[in-house]
Amino acid sequence: MTGWPVTWIRGCALLLMLLGMAASSLPVEGRATAPNRTVLVLHSYHQGYEWTDHQAAGIGKELAASAPNAITIPYHLDWKRFPDASGLERMRALIGHRHPRGTVDAIIATDDAALAFAVELRREVYGPVPLVHGGVIGASARLLTEGESNVIGVSEAKDVEGTIHMAMAANPGLRRLFILRDHTESGRALDLEIDALAAAGRLPAGLERQILPDLPFARLEERLATLPPDSAVLLGTYATDRDGLVLPPEQFLELMSEKSSAPIYGLQEYLLGRGIAGGSLLSALEHGRSVGAVAAAIVNGRSIAALPAERPESVVRAMDYRQVERHRLDLSRVGPLDRLVNKPFSFLETYRWLVVTVGIVIVVLTVMVLVLSFALRQRRAAEAALLQSNLALSQSRRDLQARLEELTASKEALRERERRMRLVAEASRDIIWTWDIEADRRVLSGRVMELLGVDSLSIDSMAAWFDRIHAEDREQAEEALRRHLSGELPEYRTEYRVRHRDGSYLWLYATGKALFDGQGKPVMMAGSYTDITAEKRQQDWLDHLAHFDPLTGLPNRLTLEQHVDRLIADDKASGHARPLALLFLDMDNFKFINDSFGHKAGDELLMALGLRVRRGAGEGPFIARLGGDEFVVVVHGSEAGEPADVAQRLEQALAAPFLVEGQHFFVTCSVGIARYPWDGRCFDDLLQNADTAMYRAKDSGRGRICTFTPDMNRRVVERMRLLSRARLAFDRQSFSLQYQPQVATSDGRVHGFEALIRWTDAELGPVSPDRFIPVCEDSGLIVPLGLWVLETACIEAVGLACRGIGSITMSVNMSAVQLAQNDFVPRVLEVLERTGLPPNRLELEITESQMIGSLDAAIDKLNALRQAGVHIALDDFGTGYSSLTYLRTLPINTLKLDKAFINDVHRRSDARSMVSSISRIAHDLSRSVVAEGVEELAQWEALSRMGCDLIQGYFVSRPLPADRIDGFLAAWEERRASLPIVSHDDVVVGMSSAGAHRQPNGREPG
């Protein structure tokens, strides 16, 4: 009776174990396992970028916990480092190929670039599959998804209110809150949010808010060091100070926190431990978990419409113990925290649960020892029961012998099954094979003749089969087979090429598994061969796309970097550094051609340019396309002067015009040269310095060749500073116009004014147009700035007419960027209509260099303006190409001679002859002539006699502000009477001319 309770307990335990195993094998809730769901996860930035990695981790954790049937497939657009639209197109093609329409159940996008990319991907490939986004500000998300259905997201929002309340709790005596932020859009957005909280009464009463002034970093450190003890600082975005100096947020925070006498609170988790005291911080991990929770609900079958509108905040309450101690904050009043960093280590506090757990384990082990002692006494009873079991096993052995006889009788049935299996193999689309390893006899069935063109009996041994494998793949195939037969690999899997009867090769995917005897020796093996030739060709094409530019066929940036790194590494390994240079080519004004004639014409021009570059560089150099209109030529192992020679050859190759879609384009390229190791010891440094030299070539007049020098970096910084100040000046309306009069030589009357833009900066002082106009052209700022100049000048011309001043003509300079705009003509006509200025009183001045991009397109636009009544003037004639073709083909009214022609016209006969000849030709073509830069009376007299219709320069007047024009006109009328007026009948141009008697407007008198 004593053994019965033990037996009963063991039986119950065994029964419970069996029930548990049965329950674990059943599907959840008694239903079939949910099918796998494919979820594309698109990240805007690259792996290793902290914000993206934390979002990805949060999304993955939440999906793994809440939707285990979801298969996540991540893609990184790497938009921060490579903001290239062509890269997105290739990524879109790759995703569409890997995951066709109907195979994707949901899409997750993090940050703005990925969301825009996901919207386009749905429109072009997947249709309205559910789209979940995160890491995007609510307004931006609504703008990007406007008009889209089946879209939901978790907006990126900072908890300003929570951070302020934490600061008040940590310091009950807090009375002043200083807001530290820059003047960017993000910085101003922080002010708006705080103002909204104050208006809603959600800020603590009595808290005074102040905004720290926009100071240089050094002054800002001094200001933070003097803050009173009852204050705290709330940090927004502060990347750039008022001097334009840029610091990374972490470096800026560590610098300011070290000097600040008050604690600094932040809004983002990645700043924790960098100097902030803490706050309710936006967490990328928590934000990712919120996005993953929404995606998991959709994967589990819930519709977007059924999901709650409110999303949990993606914030963590955290403090920095080091900053708490430094500023003597009361941590106990803050409340429960999600994170506390930099706290000194305490073994008991840190491992409290470990100590408790070890104590419990010791108690449990003591109990187990007692139980085991009791179990030993039970063992003796079990041994007696085991003896009885041995007798039962002897009976079982006799039963097994009887079963063996039954199995022998089933042998014939197995042979029948083998014949059926052979029939199945013959019907298969693959090649099915078996191999008797000891006899080296192989049997192949299936598509042997169809795939290889030979009979299976001709390859009935492994040696015959390996003889057909490509020589480059044979060793790999033999090694894979050897490792499987030795037991190192559980299966035989490999890919290789096999020769067809006609001599061509196809790719096969070989699989197999061996059967081993009792001693572990392989005796039999079976498997299959699958034709994967088509898949291999597709993979080769994708590999080609990853390393070569699809438009020009040239290597791309990735291949270029690998090539240069390999050259540098080989030279280092050999101990002999041969000359290496990077030539960075950038087409001048390609953007304007692309915008004016469309991307198709731009692509054809780029392909033609790639061919010219290859022919011009010759056989030796390596040529790659970075993207857009940027090309790089690598010259290696040549003489020191070879890079410059290659650049000269490229310049000559591009001299001839390009014929694209019936248009002739005259193209020039600016070339920057960087040399290894003087200008950089790695690819990135060489490319950056070559790019810097290229921009220096553009600044020097475009179409130039420039070699990098260290001082160019300083010029790049100055250029960026000038651009930043110019944008700020435009926003603040700091530009102004001055007007220089133009006087007729026939009677001395004021014929018109030329509007000239001027800029005096608070920091830079007066800035010459020669400095800021090229910067504005490269950045595109010239378009709105030029429109402002045109409208302001037209308004001034209308004002002159209203004050009773005669039919004055207003001349306005036009940039090449403006002329290249598709809507250039409508905008000019719109300004004229809006201001009320008659078209015949507006004269637009263009330069010869503006015709280089596309003469035909420029002529069409100028003809349209002339038909509307606007006058056209060719400015700075003689400083550029000075082609007489322009005088004949361009629809111009006026020819303006550059000051270089005028300086010696009263002293040198050759200068007078040249001006006389130009004036005669212009008058013969019904063009009036304006002489610029006239400074002396003798120049006035000489130019009057040589046929110049109008005079402009300091002799008449310097450029005038608008409020001094009336005073000048009154003074000029008094001065005009004393001027020597030369009759047109006395004009000396070397010979009689039909144009000698024309009026200043270029028309016949009368």
Side-chain angles (χ1 to χ4, degrees), residues 83 143 183-185 188 240 244 588-597 695 698-699 702 719-739 753-764 766-799 810-837 839 842-847 849-850 853 857-858 861-862 864-865 868 870 872 875 959 961-962:
L143 181 63
H183 288 284
T184 63
E185 182 178 354
R188 293 192 293 269
T240 308
D588 299 324
N589 296 331
F590 171 73
K591 180 180 183 299
F592 315 131
I593 297 174
N594 203 39
D595 293 344
S596 301
F597 296 90
Y695 275 106
K698 283 185 177 292
D699 292 342
R702 303 179 184 270
R719 182 185 182 88
M720 294 304 297
R721 183 185 180 193
L722 185 63
L723 174 59
S724 176
R725 300 298 302 178
R727 288 187 184 277
L728 186 62
F730 181 75
D731 293 338
R732 296 178 176 177
Q733 300 181 352
S734 299
F735 289 99
S736 62
L737 290 185
Q738 293 186 1
Y739 304 88
F753 289 89
E754 179 180 359
L756 302 171
I757 189 169
R758 294 293 184 263
W759 175 30
T760 299
D761 186 71
E763 295 182 3
L764 304 177
V767 184
S768 169
D770 293 337
R771 289 182 59 197
F772 69 80
I773 291 295
V775 173
C776 293
E777 288 180 332
D778 289 342
S779 65
L781 181 61
I782 194 66
V783 175
L785 181 60
L787 190 63
W788 173 83
V789 171
L790 178 63
E791 184 168 355
T792 304
C794 290
I795 292 173
E796 181 61 30
V798 172
M810 183 62 69
S811 298
V812 180
N813 292 279
M814 290 290 108
S815 165
V817 181
Q818 294 175 265
L819 189 59
Q821 300 298 309
N822 291 331
D823 59 349
F824 173 70
V825 175
R827 285 200 173 191
V828 173
L829 299 180
E830 179 186 349
V831 170
L832 289 173
E833 182 179 359
R834 188 165 59 248
T835 59
L837 181 69
L842 174 64
E843 184 172 70
L844 300 182
E845 297 189 8
I846 60 174
T847 61
S849 60
Q850 291 170 281
K861 295 177 181 178
L862 297 180
L865 290 172
V870 177
I872 307 297
D875 194 14

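Partners of Phe824 according to the ring-ring contact (aromatic ring centres under 6.0 Å, His included) rule, which considers only residues two or more places apart in sequence or in another chain, do not exist here. Legend: residues meeting side-chain hydrogen bond (donor to acceptor under 3.5 Å, both in side chains) with Glu754, ordered by chain and number and at least two apart, are Asn813, Lys896, Gln952. Residues passing the side chain to side chain contact (heavy atoms under 4.5 Å, CB included) test with Val789 are Leu737, Ile757, Val812, sequence neighbours excluded. The side chain to side chain contact (heavy atoms under 4.5 Å, CB included) test applied to Pro774 returns no partner, not counting sequence neighbours. For Glu791, the side-chain hydrogen bond (donor to acceptor under 3.5 Å, both in side chains) test picks out Arg834, with sequence neighbours left out. Among residues two or more places apart in sequence or in another chain, the ring-ring contact (aromatic ring centres under 6.0 Å, His included) test is passed with Phe753 by none. Residues passing the side chain to side chain contact (heavy atoms under 4.5 Å, CB included) test with Pro83 are Trp79, sequence neighbours excluded. Checked against side chain to side chain contact (heavy atoms under 4.5 Å, CB included), Pro839 has the following partners two or more places apart in sequence or in another chain: Leu832, Val870.
Screening residues 725-737 for side-chain hydrogen bond (donor to acceptor under 3.5 Å, both in side chains) gives Arg725-Asp761 as the qualifying pairs, with residues at least two apart or on separate chains. Within the structure, salt bridge (charged side-chain N to carboxylate O under 4.0 Å, His left out) pairs that include any residue of residues 814-825 comprise Asp823-Arg827 (at least two apart or interchain).
More than 12 heavy atoms of other residues, nucleotides or ligands shown are found within 6.0 angstrom of CD on Glu763.
Asp875 is not listed as a side-chain neighbour of Ile846, based on a closest heavy-atom distance of 4.5 Å or more. In this structure, Ser815 and Gln818 have side chains that are in contact, with non-hydrogen atoms separated by less than 4.5 Å. Counting only heavy atoms from C-beta outward, the side chains of Thr835 and Val831 approach each other to under 4.5 Å. At a threshold of 4.5 Å between non-hydrogen side-chain atoms, the residues Leu842 and Val828 count as touching. Looking at Ile872 and Glu843, their side chains never come closer than 4.5 Å, going by heavy atoms from C-beta outward.
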For side-chain contact (heavy atoms from CB on, under 4.5 Å), just list the numbers for Met814 and Leu819, CA-CA rounded to whole Å, side-chain angles, deciding distance to a tenth of an Å, and then say yes or no.
CA-CA 7 Å; Met814 290 290 108; Leu819 189 59; 5.7 Å; no
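Taken to the nearest 0.5 Å, the CG atom of Leu790 stands 10.5 Å off from the CD atom of Glu830. Once rounded to the nearest 0.5 Å, the distance linking CH2 of Trp759 with CZ of Phe730 reads 12.5 Å.
Taking both residues in full, the closest heavy atoms of Glu796 and Ala962 are given as OE1-CB, 3.6 Å, listed atom of the first, atom of the second, then distance.
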